[in-house]
Amino acid sequence: AMVATRASDERGTPQQVDVAVVGAGFAGLYLLHRLRKAGLSAVALEEAGDVGGTWYWNRYPGARCDIQTIDYSYTFDPELETAWTWSEKYAAQPEILRYLGFVADRYDLRRDIRFKTKVTEARWDEKAERWLITTSDGAPVSCRHYIMATGCLSAPKPPEIDGVKDFKGEVYFTGRWPHEGVNLAGKRVAVIGTGSSAIQSIPLIAEQAAHLTVFQRTPNFALPAHNGPAPSDRVSLLQADRAAYREQARQSMAGVPYPQQTVVSWQLSDAERRERFERAWAAGDLVHILTQLWADQAVDVDGNKIVQDLIREKIRAAVKDPQTAAALMPDDHPFGAKRPCLDTNYYATYNRPNVTLVNLRQEPIKAITGSGISTSGRSFDVDVIVFATGFDAMTGAIRAVHPITGRGGKSLTDVWAQGPQSYLGLTVEGFPNFFMITGPGSPSVLSNMAVSIEQHVDWVVDRLAALRDAGFTTIEPTETAQAGWNRHMADCSMVTLHRLANTWYTGANVPGKVQGLMPYTGGVGPYRSICDEVVSRGMLGFKLT
Ligand code: FAD
C-alpha cells in the first residue's frame, strides 16, 4: 500500500481530456489540429524530445523519403501547401523534419504535446467509460477516446546477434541515429542489413569510412532515385489543378496520382515492355515502376518475373565484380512483394575498393566479438557497427504499450496472440473508443502514408464529433464486423503476390512474431470508399452506446 501511494503521488492526479493521442509524427500532429477544430480537448504524448516521429528519429546519412515529396505532404489546408516549397524531388530528413516543425508552429500544436513522455499502459474503465493512460513521466491521462498514432515503422527491431554487448567499438542504429551526427572518417565500419535505410546510407558511409563491410542476408530490389528538383511535369499537374491532383491521389491504389494500368504484359511486345521499363527506370519513382508497367506485374508471377529479370540485368551492368553482382540480385521474392528501395549510387558503391559485401546466405554471422564480427568463414575487425536491421513493423509500437486492457479485462496482446485483429485497421472489438492510425488491416505501409494518415485522421475525428453531437459516449466494432474484415483482408491478399514473400509486411523479420500479411492490399481508393460506406450505412459494423 505504501508503494502504491507513493507511486500515485509521483504520477499525480490524472490530466482530464476528451482525447489522448500517442505520438507526434505526421499523424499525431494532424490529429491535434483536427481535434481542436472539432472542439474536442486533446493532449499528445510523445516519447521523443520534439515533433516529427519517423523524421525525428531517423537521422542517418542519406535518410530521405521515397515517395516524391510533393505527394508526401499534408493536403488539408491549401494555404499550408502554398506556404511551403520543397527543395528536392525527394527531400532529405532535415527538410522533412523542418516541415513538420513548421506545421507544429503554424497551428500552435506544441502547447498540447507532452514530450519525453512514454505511454506505458492503458486501461478501459467500464464504469466511467474512459481510458486511463499511464505515462513514464508525469501525470496519467484520463480520456474518453484513446488514439494510437504510434507509427508503423517506429519500434526498432533489437539485434538478434549474440555478443553485441561485448563489442568494444561504437554501435549505432539507423532508426536512433545521434542528433549530433557520427564521424566515420578513417574508421572501419560494418553495416548490418540491406533494407531501405541501409541502401540509402551505404553510399554515403562508404565515402567517409576507411573501409566499409556490408553484411547482407536478403538482397533487395533498388532503383535509382534520380533525385534533383521536383519533376516539372508533376509540378505542373499539381499547380494546374491542385484539388483535382490531390483527389486523384486519394482515389488511387497507392496514394499517388497515377492512372490504373489495364494493359497486361503479354499484350505487349518485348520491345514495348523494355521501352516502358526503361522509362520507369529513368523516372526514378517507386510508385511508377510498381504500378505503371503492366497490369499483371503485382498479381501474376509471370508478369512479375519480366520486371525482376529487367532489374537484375541493371544490377549486373552496374556492379563490376560478377560474384558481388550475383549476391546483390534478389531471387527469392517477387518484385514489390517486399518493399523495394530507392537509391543514389547504391550498386555502384560496390565498385569502390574500400567496400566489401559479405553474403550471409553463404557465411552466416556467428557472433559479435570485442573487435568485430565473425561469420562462419571469416573474422572482420571493425571500429563501428551500424545496425540497419529495420523495425518491428506495424504492431511493434502498439504492442509495446503493455498492457492495453479493454472490456472485461481483456488485453490486446492476448486478443492479438494469433496476429492483429481489427475492423478496418482502425478499431478492435472489445476495446471501446480505441483507435489506431494506419493500423494493421489498413493500407498503411503499402501506400503514400501522408494520404492514408489524413484519411484515417479525418474519418476518426469526424466520427468522434458526430458521436458527441448525437449524445453517444462509446463506439466499438462488433465481432461479426471484425471477422468479416479479417476475411476480406485474407481474400484481398490472395490476389497479390505478397503471399509469396517473407518480409516485414508479414512479420517474418522479427523472430517469434506471428506470420501473416498485416497491411490491407485492396488499395487506398477502394479502402476509402469502404470507410465512407460504413458511415453512410449508419455506422455499419459498429455498436454505439
Ligand atoms: P511516426 O512518424 O512513426 O510517429 C510515431 C511517434 O509515436 C514517434 O515519434 C514515437 O516516438 C511515438 N511513440 C510510439 N510509441 C509511443 C509511446 N508508447 N509513448 C509515446 N510516444 C510513442 N512513408 C511514406 O509514405 N513515404 C516515404 O517516403 C517514407 N519514407 C520513410 C523513410 C524512413 C526512413 C522511415 C523509417 C519511414 C518512412 N515512411 C515513409 C513511413 C513513415 O513512417 C510515415 O510516412 C510517417 O512518417 C508515419 O507518421 P506517424 O505519425 O504515423 O508515425
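Counting starts at 1 for both ligands and their atoms, following the listed order. Quick note: numbers below take in every heavy atom, side chains included, and nothing from hydrogens, waters or symmetry partners.
Annotation: Tyr90 is not in aromatic contact with Tyr72 [ring centroid separation under 6.0 Å not met]. For Phe76 and Tyr107, the distance between ring centers is under 6.0 angstrom.
Here atom 40 (C) of ligand 1 lies nearest to Tyr72 when heavy atoms of Tyr72, Trp57, Tyr90 are compared. Closest heavy-atom approach to atom 7 (O) of ligand 1 within the set Ser136, Gly390, Gly23: this belongs to Gly23. Between Cys65, Pro156, Ala388, Gly151, it is Gly151 that holds the heavy atom closest to atom 53 (O) of ligand 1. Between Trp55, Phe391, Tyr56, Tyr60, it is Trp55 that holds the heavy atom closest to atom 31 (C) of ligand 1. The residue among Thr69, Thr54, Leu29 with a heavy atom at the shortest distance from atom 42 (C) of ligand 1 is Thr54.
Using a distance-only test at 3.5 Å, with no hydrogens or angles considered, a donor-acceptor pair links the side chain of Ser136 to the main chain of Lys118.
Under 4.0 Å from ligand 1, the heavy atoms of Ala149 that appear belong solely to its backbone.
Other residues, nucleotides and ligands contribute at most 12 non-hydrogen atoms within 6.0 Å of the CD atom of Gln260.
Polar contact with ligand 1: present for Asp66 (N/O pair, distance under 3.5 Å).
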Please test His456 against Phe435 for ring-ring contact (aromatic ring centres under 6.0 Å, His included), starting from the C-alpha separation and ending with a verdict. CA-CA 10 Å; His456 263 188; Phe435 300 91; 9.9 Å; no

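Every atom of ligand 1 is numbered from 1 in the order shown, and the set under 4.0 Å from a heavy atom of Leu45 is 20 (C), 21 (N).
Here Asp285 does not pair with Arg234 in a salt bridge; the nearest charged N to carboxylate O distance is not below 4.0 Å.
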